[in-house]
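Structure first, commentary second.
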Amino acid sequence: VGVRIDDIMNKISMGIQYAALPMISQNIAAKKLDRAKKVVHWAWIFSALFTTVFLTLYLCFGKELFMMFSDDTNVHALSTTFIKAIIWMFIPFAVMRGTGAFIQGIGNVKFGMVLSILDGVALRIGLSWLFGIFYINRHYPEAAIHPFCRRFDGELFRQILSIGLPAGLQSVMYSVSNLIIQSAINSFGAFAIAGSTSCGTIENMVYTGSGTFHQTALSFVAQNYGGKKYDRIKQIFFMSIFLGMLSTFLCGNTLLLFGRPLLHLFTDNEQVIDWGMQRMQLMFSIYFICGFMDAASGCLRGLGYSMTS
């Protein structure tokens, strides 16, 4: 349950990134660098603000929330311990979203990969977003970012909310549905919980392919839309869907083939492994559908149609 709460917090800041990325890409393609910098600045503020609000609600009503999904006091204790251990990372991670959106918007995927690695290391002390700003200011002086030096922009505020709020709500609803599913899994006992959690960790590897082409489609469509190269958007749409489905199909079925050895990395309990394999067989074989949905959603968000996506 603690992992699911963490996922919801992550999805909130992702909604702001999904709003910032197409706006940054469109403005860069249209040679409006100053407006792109404004988007980054306000993306930081909105991400930190929404994450702080949700974090406050959790701190006030966390116990009641856990009670909705499990009556096991051990599960409550472990979930609470998990959240307390990572709670201080949420705000730096939220701020990181704006910087990451700018890096993706300018198409610098190499440094984007480096920044993702830093997310797993430097983020633990809240520094990865500073590395992002330093890199942008050093290598793109015409787009140098100076935090907390912008006046309020009502139009920009409206645009970020019109894209980010629906995207964030969609992502949060996905996480809430996972919470409901998790509560059903909890009723099967400790072995089912352990098996599902182990499989979920492996499942993140499959989702990487789907999420990657979502971000790729979003960025490329937004850049070409901003640059008024509309004829290329249809090609990007079909290529992103094909590659997203292909990557998730190959990755999902390959991991399913080696499911038991992979689950043995987490546990030697055969009952736990049996539960993990059940989830794998249900999810991994059809995960390519997620590849289709994510790529199509990325294209729509790149055009600014966040509610439709």
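It should be emphasised that the depicted structure is a prediction, and the values quoted were computed from it without experimental measurement. What's counted below: heavy atoms across the whole structure, side chains too, no hydrogens, waters or symmetry copies.
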Legend entry - Hphob cluster co-occupancy, Leu243 + Phe220, side-chain heavy atoms under 4.5 angstrom: no
Inset, instruction - Treat each ILVMFWY residue as a node, draw an edge where side-chain heavy atoms are under 4.5 Å apart, and state whether Leu265 and Leu263 are in one component. - result: yes
Legend entry - Interatomic distance, Leu256 atom CG to Phe258 atom CZ [nearest 0.5 angstrom]: 10.5 Å
Legend entry - Nearest atoms (heavy-atom pairs only) where Arg279 meets Ser196: NH1-OG, 2.7 Å
Legend entry - CD1 on Ile202 to CG on Leu262, rounded to 0.5 Å: 4.5 Å
Legend entry - Leu246-Ile286 co-clustered via ILVMFWY side chain contacts under 4.5 Å: yes
Legend entry - Residues Arg301 and Asp294 bridged, charged N to O under 4.0 Å: no
Legend entry - Rounded distance (nearest 0.5 Å) linking atom SG of Cys290 with atom NE2 of His214: 10.5 Å
Legend entry - Test item: Thr197 side-chain N/O and Ile193 main-chain N/O as donor-acceptor pair under 3.5 Å: yes
Inset, instruction - Flag the pair Thr267 / Ile273 as yes when at least one side-chain heavy-atom distance between them is below 4.5 Å, and no otherwise. - result: yes
Inset, instruction - Please examine the side chains of Met283 and Gln278, heavy atoms only from C-beta on, and report whether any two atoms are closer than 4.5 Å. - result: no
Inset, instruction - Mind listing the closest non-hydrogen atom pair of Phe191 and Val272 along with its distance? - result: CD2-CG2, 3.6 Å
Inset, instruction - May I ask you to check whether over 12 heavy atoms, not counting those of Tyr225, lie within 6.0 Å of atom OH? - result: no
Legend entry - Under 3.5 Å: donor-acceptor pair, side chain of Ser247, backbone of Gly244: yes
Legend entry - Euclidean distance, Phe292 CZ relative to Phe242 CZ, rounded to 0.5 Å: 14.0 Å
Inset, instruction - To the nearest 0.5 Å, tell me how far Met280 CE sits from Ser198 OG. - result: 9.0 Å
Inset, instruction - Go through Arg260 and Asp274 one step at a time and tell me if the side-chain contact (heavy atoms from CB on, under 4.5 Å) criterion holds. - result: CA-CA 8 Å; Arg260 283 193 171 273; Asp274 287 340; 2.6 Å; yes
Inset, instruction - Decide whether Ile236 and Met245 are clustered together by the hydrophobic rule: side chain heavy atoms of Ile, Leu, Val, Met, Phe, Trp, Tyr closer than 4.5 Å, transitively. - result: no
Legend entry - Exceeds 12 heavy-atom contacts within 6.0 angstrom, atom CE of Met277: yes
Legend entry - Considering all heavy atoms, the nearest Ile233-Val221 contact: CG2-CG1, 4.1 Å
Inset, instruction - Check whether any side-chain N or O of Ser219 sits under 3.5 Å from a backbone N or O of Gln215 as a donor-acceptor pair, and report yes or no. - result: no
Legend entry - Phe284 and Cys199, any side-chain heavy atoms less than 4.5 Å apart: yes
Inset, instruction - Report whether Phe237 and Phe213 are members of the same hydrophobic cluster (ILVMFWY, side-chain heavy atoms less than 4.5 Å apart, transitive linking). - result: yes
Legend entry - Atom pair CG/CZ of Asn224 and Arg232 - distance to nearest 0.5 Å: 4.5 Å
Legend entry - Phe266 CZ: over 12 foreign heavy atoms closer than 6.0 Å: yes
Legend entry - Check: Val206 main-chain N/O paired with Ser210 side-chain donor or acceptor under 3.5 Å: no
Legend entry - Ala217 versus Ala295, closest heavy-atom pair with distance: CB-O, 3.8 Å
Inset, instruction - Measure up the Tyr287 and Tyr207 rings against each other and bin them: parallel (under 30°), tilted (30 to 60°), perpendicular (over 60°). - result: perpendicular
